[in-house]
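None of the values given here were measured: they were computed from a predicted structure. Every chain is numbered from 1, with letters handed out A, B, ... down the list of sequences.
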Amino acid sequence: MRIELKREGGIAFLPGLNRPRTFELGDLPPAQAEAITRSVHAASFFQQPSVVGTASKGAADQTRYTLTVEVGGEGAEGGRRHTVQLLEPVQDPHLHALLELLKQAERDLRREAARPHG
Amino acid sequence: MRRVHPGWHRHSLYCILPPYVVRTIAQNGSPAQRAAALRTMAVDNTFRALRLTSAVGAQRVPTRRIGGMMAESQRQRFIYNMGGQEGFPGTLARSEGQGATGDVAVDEAYDGLGATYDFFWEVFGRDSLDDGGMPLNAHVHYGMNYNNAFWDGQRMVFGDGDGDIFNRFTIAMDIIGHELSHGMTEDEGPLMYFRQAGALNESISDIFGSLVKQKFLNQTADQADWLIGAGLLADGVQGKALRSMKDPGTAYDDPVLGKDPQPAHMRDFVRTWEDNGGVHINSSIPNRAFYLASLKLGGCAWEKAGRIWYEALRDMRLRPDCGFARFARITSLCASRLYGEGGTEEAAVVDAWGEVGIKVTREKISVARVPTLKVPAVQPSGRPSA
Ligand SMILES: [Zn+2]
């Protein structure tokens, strides 16, 4: 499974944080990958509409997340690909949990990249 | 957020007199302040009256402004602790008049809301975001490691930051002022949150956010740092703030954040579909025009430049889809209305816009269209609709 997380909006346009980030679950620590996979299913991700949440009148600086989940050729869900845009605050608890897991994975990768190698 | 009092009889004089003028006179006794208030009153009447009489339906008739006749401030602050959750409202942690809680984010939000309220009250005689005493609600400790602050149309929301990139978002008073100013813009403008109008919306929040801080620190225009979000970037991040109104494009240059993309001049205007059409990118162009006008006008930026921009925001010629050039014209018209036609103030404003590549033309702006829309009928594509 491959997941792309793209962040847009927020109080500033920060080019480095605005770039889409792709997670190959196979490259993540197994426990983390498993938690994310479970979360995708718990959220019924493939049944979600393409936009979740509404922009309220006069709102500003809110973040919008675009999640794309792609499943490889094997299995019941093989070859599927779906994109959901989440507008915060994300009310659906399962989608919220999925988003949090992805943000955590992103943070972990960033911290790892920042560490002096060795 | 607009409070309606059906059956209120509005005295015709109150409809025309900007209430902040009355309050300013009532509040400040010095001759200079009285003179300034009277000058404002003299020039503002026509436009305020025009706006009121031409408002289609009752939508723009501000019954709320009657409440503004009071000469005392009516701060009503409520700070909620979200405790890392995202479901509003959280727990009420501090309300108006209560002492410090010891929770830094709660207390910073309380103080920042107070400074913002006081700024608009003392400088413009404006009673809260709607000029009708609207309570100010802030929600802190939103989410886990949450890297943002936003205005959701009713309330301010602040994350704690992840500590890697961002510190807590209440740390910068101009950020608090920025979020609150979005509420004021929505009430006065509104300006669509898209492309140039959205960049103006953002710029107005940066301008008044910065002025809140400058007034709190009692700084003149040349003493101020003109940064938005100083102190917000975590240790180790290569940068000093989110934006620089003075030198756009120089706020940060960091391996994780990338490089500050803000242009300093129209020739570098960024065309993009991202960020609602670059609202947080191109806002630097009107930001810098304001900074340059403030320097030219001298003294404290809120005294003249701030007043001119505030009047422009309230000007009936400001349409929801206003672009930079039109806004520049409105500011120059407001400068001449407030300080005299062909005066140094008008020249300073025109020159400032010229320096960022926006030529202010002398032609009149049509007043035929009245901005009665609160929300564009069709949501721009950059923002998902309901
Ligand atoms: Zn903003």
Side-chain angles (χ1 to χ4, degrees), chain A residues 5-21 48-66 83-116, chain B residues 1 86-88 142-154 157 162 164-165 169 175 178-179 182-183 185-187 190 193 198 201-202 205 228-229 232 236 242-243 251-252 254-262 270 272 274-276 278-281 374-375 379 382-386:
Chain A
L5 169 66
K6 160 110 177 121
R7 199 185 262 101
E8 241 194 284
I11 192 163
F13 182 89
L14 304 154
L17 301 186
N18 204 63
R19 275 193 292 271
R21 191 173 278 271
Q48 292 284 350
S50 55
V51 179
V52 175
T54 48
S56 51
K57 202 179 81 174
D61 301 329
Q62 279 173 303
T63 311
R64 186 166 54 229
Y65 303 93
T66 307
T83 297
V84 177
Q85 246 184 40
L86 304 172
L87 200 76
E88 70 184 352
V90 181
Q91 313 259 353
D92 181 315
H94 297 294
L95 283 173
H96 183 265
L98 172 60
L99 184 62
E100 287 302 313
L101 284 170
L102 294 172
K103 285 192 199 171
Q104 183 61 50
E106 183 185 36
R107 242 183 335 263
D108 292 348
L109 290 174
R110 200 163 53 218
R111 281 178 184 161
E112 201 156 314
R115 211 171 290 145
Chain B
M1 95 190 187
E86 296 181 12
F88 295 114
Y142 175 89
M144 301 296 287
N145 301 299
Y146 183 70
N147 276 341
N148 198 22
F150 64 88
W151 168 256
D152 83 344
Q154 300 171 54
V157 182
D162 60 2
D164 291 346
I165 305 174
F169 279 71
I175 296 286
H178 176 107
E179 297 309 329
H182 276 307
T185 299
E186 173 63 9
D187 185 72
Y193 206 58
N201 189 324
E202 271 303 313
S205 272
I228 300 298
L232 185 56
L242 291 178
R243 289 185 279 277
Y252 57 86
D254 177 80
V256 174
L257 293 183
K259 188 184 179 307
D260 179 359
Q262 287 207 299
V270 178
T272 175
E274 296 211 57
D275 185 33
N276 291 304
V279 298
H280 295 92
I281 301 174
K374 289 303 281 182
V375 160
Q379 288 275 353
R383 191 176 176 185
S385 58

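One distance of note links CG of A:N18 with CD1 of B:I281; it measures 8.0 Å at 0.5 Å rounding. Atom CG of B:N147 and atom CZ of A:R7 lie 7.0 Å apart (nearest 0.5 Å). With rounding to the nearest 0.5 Å, the separation of CG in A:D61 from CG in B:N276 is 10.0 Å. Between the CD atom of A:E8 and the NE2 atom of B:H280 there is a distance of 11.5 Å, given to the nearest 0.5 Å. With rounding to the nearest 0.5 angstrom, the CD atom of B:E86 is 8.0 Å from the CG atom of A:L99. Going from atom CE of B:M144 over to atom CD of A:Q104 covers 9.0 Å, rounded to the nearest 0.5 Å.
With a 4.5 angstrom heavy-atom cutoff, B:Q262 does not touch chain A via any of its atoms. Using a 4.5 Å cut-off between heavy atoms, B:I165 contacts chain A through its side chain alone, with no backbone atom that close. Interface remark: B:N145 contributes backbone and side-chain atoms alike to the contact with chain A (heavy atom separation under 4.5 Å). With a 4.5 Å cut-off on non-hydrogen atoms, B:D152 touches chain A through its backbone and its side chain both. Contacts between A:E100 and chain B at a heavy-atom distance below 4.5 Å involve the side chain alone, from C-beta outward.
Considering every non-hydrogen atom in both B:E179 and A:A60, the closest pair reads OE1-O, 4.3 Å. Taking both residues in full, the closest heavy atoms of A:F13 and B:E274 are given as CE1-CB, 4.2 Å, listed atom of the first, atom of the second, then distance. Scanning both residues, A:P89 and B:Y142, for their nearest heavy atoms gives CB-OH, 3.1 Å.
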B:F169/A:I11 under side-chain contact (heavy atoms from CB on, under 4.5 Å): CA gap, chis, key distance, verdict: CA-CA 10 Å; B:F169 279 71; A:I11 192 163; 4.1 Å; yes
Should A:R110 and B:D162 be marked as a side-chain contact (heavy atoms from CB on, under 4.5 Å) after you check the CA-CA gap, both sets of side-chain angles, and the distance that decides it? CA-CA 12 Å; A:R110 200 163 53 218; B:D162 60 2; 3.2 Å; yes
Just do the side-chain contact (heavy atoms from CB on, under 4.5 Å) check on B:Y146 and A:K103 with the steps written out, would you? CA-CA 10 Å; B:Y146 183 70; A:K103 285 192 199 171; 4.2 Å; yes
